[in-house]
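Report on the structure given below.
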Amino acid sequence: MARIYLTGRVTIETDDGLVEPSAFPGRQGRLAFVRLAAEPRRIEREMLADILWPDALPDAWDGALSAIVSKLRRTLARADLGAALEAADGCYELRLPPGSWIDLREAVNAIDRAEGDLRRGDTASAWSNATVASAIFRRRFLPGEAGPWVEGMRRRLLDYELRTHDVLAAVWIARGDPTTAMESARRAVDLAPFRETTHARLMEVQLAAGNRAEAIRTYEALRALLADTMGIEPGERVQALYERAIA
């Protein structure tokens, strides 16, 4: 069974060894592989080319893309996956064998399970699944790469990572450990300082811990940030928490 890591160092792990980043055909070959593995559905050649050359397609992009894909197929053959990269009707698709493990797919499934666990009150399983997801989502995604698809994926992964911190904060509150809960909540605020939901969760944790003054400080910091950058006030959820803090 192949284990594929798309975050951090792009790597394929098999029973016979590793296919490491240096084995991929340059940065564009690595990028093509990540796109095909991260979103396992058919993609038109020109759409894939737009990801590899986000600024402008070169004049001979069609031949260049064919060469990259050919080299990528040889790289995948080292992990017995050469036949998994299919080309048909002007499209490419990566059809991995059943049982193949992909870190991003596992992380998404894990956070979905964690949220379900939390709704059922199973904090032990919620913690376990959220911890798995967090370990994957905090790894950097394609460092040094740019372009609409890469940046869109980073936004999606940030959303998932924030969900893991939200679950972990709720787990630790349920277990009576507000200090550890605050660490998760503060991490979310650091990752997304303009998202009111992260500040709201931190205020909820602070109030659950009896730290009303800290909750007020969190509110004031958000209020100043929003006023200075966008000229708006915090929304209803944050405002309601502030009123609880000062009551």
Side-chain angles (χ1 to χ4, degrees), residues 7-8 31 34-35 38-39 47 50-51 53-56 104 107-108 110-112 114-115 118-119 126 130-131 133-174 177-247:
T7 57
L31 180 55
V34 171
R35 164 56 185 83
E39 299 185 88
M47 291 178 64
D50 284 335
I51 293 172
W53 293 281
D55 296 327
L104 288 183
V108 170
I111 189 56
D112 286 342
E115 290 172 336
L118 196 59
R119 287 191 294 270
T131 299
S134 179
I136 294 171
F137 288 132
R138 69 180 176 222
R139 292 161 61 92
R140 297 181 66 194
F141 181 74
L142 291 175
E145 295 293 346
W149 181 79
V150 172
E151 290 155 10
M153 280 294 295
R154 287 180 183 143
R155 288 192 295 271
R156 287 169 58 188
L157 298 182
L158 174 60
D159 288 339
Y160 284 122
E161 186 174 5
L162 293 175
R163 287 168 59 187
T164 69
H165 290 299
D166 198 50
V167 169
L168 290 171
V171 164
W172 290 116
I173 283 293
D177 187 347
T179 300
T180 306
M182 272 188 274
E183 292 175 3
S184 291
R186 287 189 186 281
R187 175 63 177 154
V189 170
D190 291 341
L191 286 170
F194 287 92
R195 295 199 186 192
E196 292 190 37
T197 53
T198 63
H199 293 267
R201 172 58 81 183
L202 178 56
M203 290 178 68
E204 288 169 348
V205 171
Q206 291 165 332
L207 289 171
N211 295 332
R212 292 168 58 180
E214 287 293 329
I216 292 170
R217 277 193 281 272
T218 297
Y219 170 83
E220 294 293 353
L222 173 62
R223 184 173 182 272
L225 178 66
L226 295 179
D228 290 345
T229 58
M230 291 180 278
I232 61 175
E233 291 288 318
E236 292 182 3
R237 180 182 173 188
V238 173
Q239 190 65 42
L241 290 167
Y242 172 69
E243 291 171 3
R244 277 178 53 193
I246 63 175

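- In summary, R154 and E145 do not engage in a salt bridge, as defined by a charged side-chain N under 4.0 Å from a carboxylate O.
- Under 4.0 Å is where a charged nitrogen must lie from a carboxylate oxygen, and between R156 and E39 at least one such pair does.
- Ion pairing between E214 and R186 holds under the 4.0 Å rule for side-chain N and carboxylate O.
- A salt bridge is absent between E220 and R217: the closest approach of a Lys/Arg side-chain nitrogen to an acidic carboxylate oxygen does not fall below 4.0 angstrom.
- With salt bridges taken as basic N to acidic carboxylate O contacts below 4.0 Å, one links R163 and E115.
- Judged by distance alone, with hydrogens and angles left aside, the side-chain atoms of R201 form no donor-acceptor pair with the main-chain N or O of A185 at under 3.5 Å.
- Identified under the salt bridge (charged side-chain N to carboxylate O under 4.0 Å, His left out) test for residues 189-199, with sequence neighbours left out: D159-R195.
- Here salt bridge (charged side-chain N to carboxylate O under 4.0 Å, His left out) pairs that include residues 224-236, with residues two or more places apart or in two chains, are R223-E233.
- Heavy atoms from other residues, nucleotides or ligands lying under 6.0 Å from CZ of R140 number 12 at most.
- When atom types are taken as modelled, the side chain of S134 and the backbone of A130 share no donor-acceptor pair closer than 3.5 angstrom.
- Minimum interatomic distance between A245 and I216 (heavy atoms only, all atoms of both residues): CB-CG1, 3.7 Å.
- Taking each heavy atom of F137 and E161 in turn, the nearest pair found is O-OE1, 3.6 Å.
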